[in-house]
Structures are given as structure tokens and as C-alpha cells.
Amino acid sequence: MSVGDYIRESQIWKSVFRHPAPYDRRNRVVVMLTNFFLHLHPVSIKQNGIALSYTWCMGGITFFLFLAETITGVLLMFYYRPTLEWAFNDILALRDVSTLGIMREIHRWGAHAMVITVWLHMYRVFLTGSYKPPREFNWVIGVILLKFTLLLSFTGYLLPWDQLAIWAITVGSNMARATPVLGSEGPGFQLLNVGGYDLITTASDARFLLLGSKFVGEETLNRFYILHCVAIPLAVAGLIAIHFWRVRKDGGISQPL
Amino acid sequence: MHHPNLTSSVIFGLGFLYLVQLVMNFFWTIRSLKNDGHCRLPSLFGGAEVPVAMWWGLYTAVLAMLTIAHFTGYSSPDSFLIVLPDWFKGLVDVAVSDPKWFFTETVLVFGAIILLRRQLATDTAGWILLNASTVFLSLSLTDWDFRQIVGKPDNVPIVGMLFIVGFFTWLSFKKANENDSRLEQGLGPLEGEDNEKVLVWPDLVYTELIVMIGLTAFLFFWGVCLEAPLEEPASSVKTPNPSKAPWYFLGLQEMLVYYDPWLAGVVFPSTILGGMMALPYIDFNKKGNGYYTFNERKFAISVFLFGFLPLWVGMIVLGTFLRGPNWNMFGIYEYWDVHKLEALNNVNLSEYFWLYGLGVSMPVPDANGSFMSQVGTIVWRESPGIVLTLGYLFLLPSVMAMTIFRNFAFRMGFFRFMVFANLVLLMAALPAKMVLRWLFNLKYLVAIPEYFINI
């Protein structure tokens, strides 16, 4: 008996996988049904639907990058403290001292790559008309996921707390000041006032909500850190689950009718 | 300060870039020998029948010489001859350093993609385009200013994105062309042929595994080769010039040149997202579901590509590579001079109307008057722009419904058509304002700075 067979015959292996290795047709079906990670997939699939020249694999790559970002991000969280005193120095240490400092490179480049792949996924889905009935709603979820991907990247941009970070976020968040009605320099902000006192000021407008402050400061860093590491990833994970579920429920990868 | 265009390490590094192109074209020549058949030489050269691959072989030989030259000639960069000529740099700089030329060019590229899709989306044309862009990139890298802007760590992914978007646009049109030819002959799309069911294990899970391993390796490789950027510690008093948003928002930042923040930063981004979500409910065309095609969805694909290529990707390129200090435009080979002056003398529509058109002074709201009288005067002052804007958003859809989009309006119903027409008009609002700015130096159609309502 080979070592491989010995392992596959052991009680431990069987308790984990509950069936023999997927060498024959029956077990290749069974593995898809009994494995939690594989059960996202159907058992069988139209072969043209999984051709790389058709799907470009961009949705899958985006999901993989999300996982890679999660793993590298969690590792980075062990090193990084989101305070004015430490944020920049911790990134410096990641660059110059820490053994796993390359995690920051992977995290940053993976983030750029994810923005691009999510666009390309949308591009492919559009060009193959895959948003058409019955998949309309999954396209809507996809657009929300696209927005969250950009927001994830945007909130992460601030965390190194260098010049590149705060000024990019300053430029980006200055827009919020001009939100109609809710921004202190937006059209119609005077509408919200009580007895002649404006409710919308620089200390209470949409930009303040985003930054937690009148300018990009420590409160902003904390706010963006929590959005970046907890709030948005949770929302994205939930939406991804729905997105994948709907791919299956809407008839799998799109095909000519 | 003088910066040398070439240094030893740049020349040596470019050697690797040419080596990659050499290897690529070596294999392409072999492929061409098998697939491309023969062509006749011009009679000047004897008119002999030669394989098409000969041309690729010659090109590959030139690349080989370039590679050798770079790997051996790096010791004296001052006398190295393979550089971009200055007249070419000047020409390119003029062509891209003005937003109106740049935008016109991206629109022309978009038009060429649509109109010449049969010619461009072939293997040979695609390969020629790829080589043209890699040679352009390699030669451009001999320029100091070009390296400064393209070599910024966060800009490297954008260069990659351009190649990737180009490739997938090419690929989708190639597949659409195949399907369109088949559909003309009454056959079904290629995606429906030989479409047997296969087991997900192993056919899909192994692809996924290989992609995951490949991507992990790629991310590590990228992370080792290129360090993530880290500038000076944040300082709220030292404002960098230019201050740029993250690269994927630079298209939105570019809109700020033409529209005020409440439109460019809030209304238009929300409309883009809302419009994208509304897309499946607007597109009533049932054809082209689940396969690549262009002819069956000409309008939808053209509008989407116009939004994605010139307006989104094109504006990101403009914002990233061409916008320099003081948000001035710079050519890709041009030094980012902080003192470059550009005359900005933009005029509001109301000023055109009252001052230049009627030759009278502008109506001025009475500072001591009642609120209503002030608003009334302002509305009167801005009435030409208000009428134009309201007409654009409310009258034009009806005109569209009665003329060019009659068929659409009939099939979509009132509400759906109004949403569709307004989304198209809002998308067209950016190029429309651009053209007005370039032709008439128009600042605002409606200028009500008193209430932050500038359009």
C-alpha cells in the first residue's frame, strides 16, 4: 500500500472528506456535493461556459484577490496601529524591518489588481449580455460590489499616513462638502435650518460624517481603519455570498439561450 | 537641473524589455510560418513569392540587434544612439498635452474600434498593435520625464491596465466578429456549439487551482520587483502640487475641470452607479444573451464602450499621466514645470448673454431687498442657462422620443424611456460641456455662486 493510499484509508482522512478520493466518476460527483468549499459549484457544467476565452476568469480572480487581500490584511493588522503616532512608523517598519513586510506590497498591488479585475469582470458580463433576464438583479449586486471594491481601496489608501495618503483622501473627500443639501458648500444646504440657524455646517455635513473631523486627522484614520478592516469587508463578504448564490439560482454561467 | 535621458541601468533594463519582445516575436514568426501563407515582393525587389513570416523574421532580427545593443552598449549612455528623436517627442507632446486634442484622439480610437472591428480584431492586426505599443513604450522609456511619470509605483498598474483592457477589447471583438458572421449565415453563436456538460471536478476546479497558484506567484513576483510607495510622513500644511485622488477616481477629478464638485463629485458619480444598476432594466433587447456579439447589440455596446473607453479609462490616463502642477496639462515627454502658465479666462453664459449679447449690464440682486426679490433677480439673470438646462433635461427627451429614438420610446414605455434618455443625456453632458469650454471658453451655463448652484 502506497503512502498516499495509507493516508486516504485512514480514519482521519475519511472523517474529513467522508468519501474516497475523486478518481472515478461517482466520487467526482460526490466530492462536489459533500465538500463545503466546493458546494458553491454545480456538479457538472456546460464546457463552453467555463472556457477562459469566454469568462476571462475575471470574477474568479477578483474573488481570489479578495481572499488574498483578507489574508495579507489580517497579517498587516498585527503590525499596524491606526494612530497618528504610529501609523507611518509601523509602515516604515513593515518596509525596513519586518520579516513579512512583503505582505504590504502584495496587499497594495493586489488592491490595484482587484480594482482592475472587477472592471474587467463587469466588462465581460456586459459584452456577453449576461446582465439580461434572468440575471438583472445579480448585475445590480455586482455594481454594488464594484462600488465597495473602490471604497475598500479608497479607505485603505489613507492608512500608510504619508503625503500620498492624506492628500489623495483630502482631494477625494472634499467632494462630499458639495453634496446637495447635506454638504456645507452644496447647493441648497440653507434649506436645513431651524429658526435661522443652519444645521449643515463644516462640523455637521456629509464630509464631517466621512472624516469624523473638519479635516483629515486622527478621527479620519480611525474611521477609515474600521471601514477598511471590518465594516466594508463584512458587507462585501455578505454580498459575494449572495452574488454567487444568485449565479447558481439564475441558471449558472450565462450561455446562449 | 539637467537630467540625463539615459543611464547605464536604464539601457541595461531596456535590454530585458527588448528580450521579452524578441522571444515573443520569435514564436510569432514560427506561428506565422505555419499559418500565414505567402505574399509577393514588390517588383522592384524581383517580385518573388516569399512567406509572410519572412517579415516577422526580419522584425525579430531587428529586435535581436536591439537587445544585443542594449546589453552591450550600456557603458557610455551619452553616446548611446537608440533614443526617441526630439521631433517625435515634440509631436507627441503637442498631440496629447491639450485636453481637446487628447479627448478627440480617444474618441477617434473608440470610433476606429467600432468601425474597423473586422480589420482590427484579427490575430495579425492585434499582434501588430501589441508590438507597436511595446516598441512605443520601450523607446519612450529612454526619456527622463516619461520615466518619472510612468515609473511612479502606483502608476505601473495603470500601464498594465491599458494593455489588459486593450487585449480584452480586442478579444471580445474577435469573438463577436466570429459570432456575427455565423449569425448572418443563420447559424447559432459559437458558444452554443459542442456544448457538452462536463464534470466540475476536474474540469473547473483544476483551472481554479492553477489560476490561484499562478496569481499567488504573480503577486509575490510583483511585490518583490516593485516596492509599494511610501512618501514623506503626512503633513497637513505641505500641500503637494498636483494633489491627486487615487488613480481610479482621476476620471471624476478630471470632471472637476468642467463641472463644480456638487455635480462632478456627487451627482455624476451617483448617476453612473445608478445608471449602471438600471442598465438591465433599460436594455429591452433580448438578443445577445450569453454570447459575444456586436451586430445584435450595436447601440448598447457602443454607448457602454464610449463610457468605458474614452470617458472612464481615457480620463484616468489623462488625469494620471498628463495632469501636472497646478492641474495644467503636460506632454508625456515634458518636464513638470511648476511655473508653466496657462491662460484661463472663462466666461459664464449669463455674461455672454447680458454683456456681450444684449450689451447691457448684468441684473444685480438688491442686497437690501426681500429674499424672494433676490432669488427672482438671480433667476432672471441666469434665465438663459436655466432655460437651456431644463430644455436639455426635459424637452430634449421628448424630441428624442419623437425623432431618432422613436422605436425605443415605443418599446420602452414612458417612464423607462425618460430614465434612459436622461441617463444618456447626463453621460453626454460631460463631452458637451468640454466642447462648449473649448469652443467658447464657457465657464458655467448657470452661475449662482450665491447658493452654490453652478452648472
Side-chain angles (χ1 to χ4, degrees), chain A residues 22 28 31-32 41-48 50 54 56-57 60 64 88 91 95 102 104-106 108-110 112 115-116 120 126-132 136 139-140 143 147 150 154 157 160-168 171-172 175 178-180 185-187 215 254-257, chain B residues 157 161 164 168 172 188-189 191-192 195-201 203-205 208 211-212 215 219-220 222-224 227-236 239-240 243-246 248-249 253 260-262 265-266 273 276-277 279-281 286 288-292 297 304 308 451-453:
Chain A
R28 284 175 173 177
V31 69
M32 300 308 296
H41 292 309
V43 167
S44 64
I45 199 164
K46 289 279 182 64
Q47 67 181 32
N48 289 349
I50 55 171
Y54 180 74
W56 308 351
C57 203
F64 167 79
F88 181 76
I91 301 289
R95 187 182 76 182
I102 196 177
R104 174 168 176 249
E105 267 75 23
I106 295 177
R108 192 179 188 100
W109 301 141
H112 286 322
V115 168
I116 296 169
L120 290 171
F126 177 83
L127 289 171
T128 55
S130 305
Y131 58 85
K132 298 190 176 198
E136 306 103 303
W139 167 273
V140 175
V143 175
K147 186 188 81 176
L150 293 177
F154 183 67
Y157 221 83
W161 203 248
D162 61 347
Q163 281 288 73
L164 194 61
I166 68 156
W167 288 102
V171 170
M175 304 296 129
T179 313
E185 291 178 12
F215 49 86
S254 62
Q255 289 285 288
L257 298 171
Chain B
M161 177 193 71
I164 297 170
F168 281 117
S172 67
E191 282 88 344
N195 205 5
E196 298 303 310
K197 277 211 162 189
V198 292
L199 285 180
V200 167
W201 186 299
D203 280 47
L204 180 55
V205 288
E208 290 172 345
V211 168
M212 277 196 275
L215 271 173
L219 284 177
F220 269 94
W222 191 0
V224 169
E227 198 171 60
L230 190 63
E231 297 185 352
E232 292 167 53
S235 157
S236 52
T239 312
S243 290
K244 291 189 179 182
Y248 36 82
F249 287 150
Q253 199 177 352
D260 265 21
W262 73 278
V266 185
L273 281 173
M276 297 240 296
M277 288 191 211
L279 174 73
Y281 306 97
K286 289 196 169 51
N289 186 346
Y291 54 93
Y292 291 93
R297 302 170 55 207
F304 188 86
F308 187 59
Y451 295 96
F452 301 112
I453 304 175

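Order of the sequence lines sets the chain letters (A, B, ...), proteins ahead of strands, with each chain counted from 1.
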Next item on the list: Start with the C-alpha distance between Q47(A) and N195(B), add both sets of side-chain angles, then the distance that settles side-chain contact (heavy atoms from CB on, under 4.5 Å), and finish with yes or no.
Entry: CA-CA 6 Å; Q47(A) 67 181 32; N195(B) 205 5; 4.2 Å; yes
Margin query: Heavy-atom pairs under 4.5 Å with chain B - which of S254(A), A168(A), G110(A) has more of them than the others?
Written below: A168(A)
Next item on the list: Could you tell me which of G60(A), C57(A), P42(A), A165(A) has the largest number of non-hydrogen atom pairs under 4.5 Å with chain B?
Entry: P42(A)
Item checked: Residues forming a side chain to side chain contact (heavy atoms under 4.5 Å, CB included) with F220(B), sequence neighbours excluded -> I102(A), M103(A), I106(A), T216(B)
Margin query: Please check: side-chain N/O of W167(A) versus main-chain N/O of S235(B), any donor-acceptor pairing under 3.5 Å?
Written below: yes
Notebook entry, point to check: Under 30°, 30 to 60°, or over 60°: which ring-plane class applies to Y157(A) and Y248(B), parallel, tilted or perpendicular?
Noted result: perpendicular
Item checked: Atom group of V211(B) that falls short of 4.5 Å from chain A, counting heavy atoms -> side chain
Next item on the list: Return the minimal non-hydrogen interatomic distance between E105(A) and A228(B), and the atom names on each side.
Entry: OE2-N, 2.8 Å
Notebook entry, point to check: Top residue by heavy-atom pair count (under 4.5 Å) with chain A, among P157(B), P189(B), P246(B)?
Noted result: P246(B)
Item checked: OH (Y451(B)) with more than 12 external heavy atoms under 6.0 Å -> yes
Note to self: Heavy-atom pairs under 4.5 Å with chain B: which of V31(A), V43(A), T128(A) has the most?
What the structure shows: T128(A)
Checklist line | Heavy-atom pairs under 4.5 Å with chain B, option from I45(A), I50(A), L120(A) with the top count | finding: I45(A)
Next item on the list: Would you confirm whether Q255(A), through its side chain, and G290(B), through its main-chain N or O, come within 3.5 Å as a donor-acceptor pair?
Entry: no
Checklist line | Top contributor to chain B interface from V143(A), V140(A), N48(A), L150(A) [non-hydrogen pairs under 4.5 Å] | finding: N48(A)
Note to self: Need one label for F249(B): side chain, backbone, both or neither, based on atoms under 4.5 Å from any heavy atom in chain A.
What the structure shows: side chain
Checklist line | Per-residue contact mode, R108(A) against chain B (heavy atom under 4.5 angstrom) | finding: side chain
Margin query: Does any part of the side chain of M277(B), heavy atoms only, come nearer than 4.5 Å to the side chain of K147(A), both counted from C-beta?
Written below: no
Item checked: Nearest-0.5 Å distance, CG of residue L279(B) to OH of residue Y131(A) -> 5.0 Å
Next item on the list: To the nearest 0.5 Å, tell me how far T239(B) OG1 sits from Q163(A) CD.
Entry: 8.0 Å
Notebook entry, point to check: Hey, what do you get for CZ (R28(A)) to CH2 (W201(B)), rounding to the nearest 0.5 Å?
Noted result: 8.5 Å
Checklist line | Residues in side chain to side chain donor-acceptor pair (under 3.5 Å) contact with N289(B), at least two apart in sequence or another chain | finding: none
Margin query: Give me the atom names and distance for the closest heavy-atom approach of E191(B) to P256(A).
Written below: CB-CG, 3.6 Å
Next item on the list: Report the option among L219(B), L273(B), D260(B), L230(B) that has the most heavy-atom pairs separated by less than 4.5 Å from atoms of chain A.
Entry: L230(B)
Next item on the list: Look at the aromatic rings of W109(A) and W222(B) and report parallel, tilted or perpendicular, splitting at 30° and 60°.
Entry: parallel
Notebook entry, point to check: At their closest point, which heavy atom of G265(B) faces which heavy atom of M175(A), and how far apart are they?
Noted result: CA-SD, 3.6 Å
Check: Between I453(B), L215(B), V224(B), which shows the greatest number of heavy-atom pairs under 4.5 Å with chain A?
Finding: L215(B)
Item checked: Residue part contacting chain A, namely of Y281(B), when any heavy atom lies under 4.5 Å -> side chain
Note to self: To check you understand the geometry: which heavy-atom pair defines the closest contact between W56(A) and S172(B), and what is its length?
What the structure shows: CZ2-CB, 4.0 Å
Check: Under 3.5 Å, is there a donor-acceptor pair between the side chain of R297(B) and the main chain of L127(A)?
Finding: yes
Check: Side chain, backbone, both or neither: which part of V266(B) has a non-hydrogen atom closer than 4.5 Å to chain A?
Finding: side chain
Item checked: Selection from E185(A), R95(A), R104(A), K132(A) maximising heavy-atom pairs under 4.5 Å formed with chain B -> K132(A)
Next item on the list: Check each atom of L164(A) against the heavy atoms of chain B and say whether the ones under 4.5 Å are side chain, backbone, both or neither.
Entry: both
Checklist line | Interchain contact, H41(A) with chain B, by part (heavy-atom threshold 4.5 Å) | finding: side chain
Check: What distance do M276(B) atom CE and F126(A) atom CZ have between them, rounded to the nearest 0.5 Å?
Finding: 10.0 Å
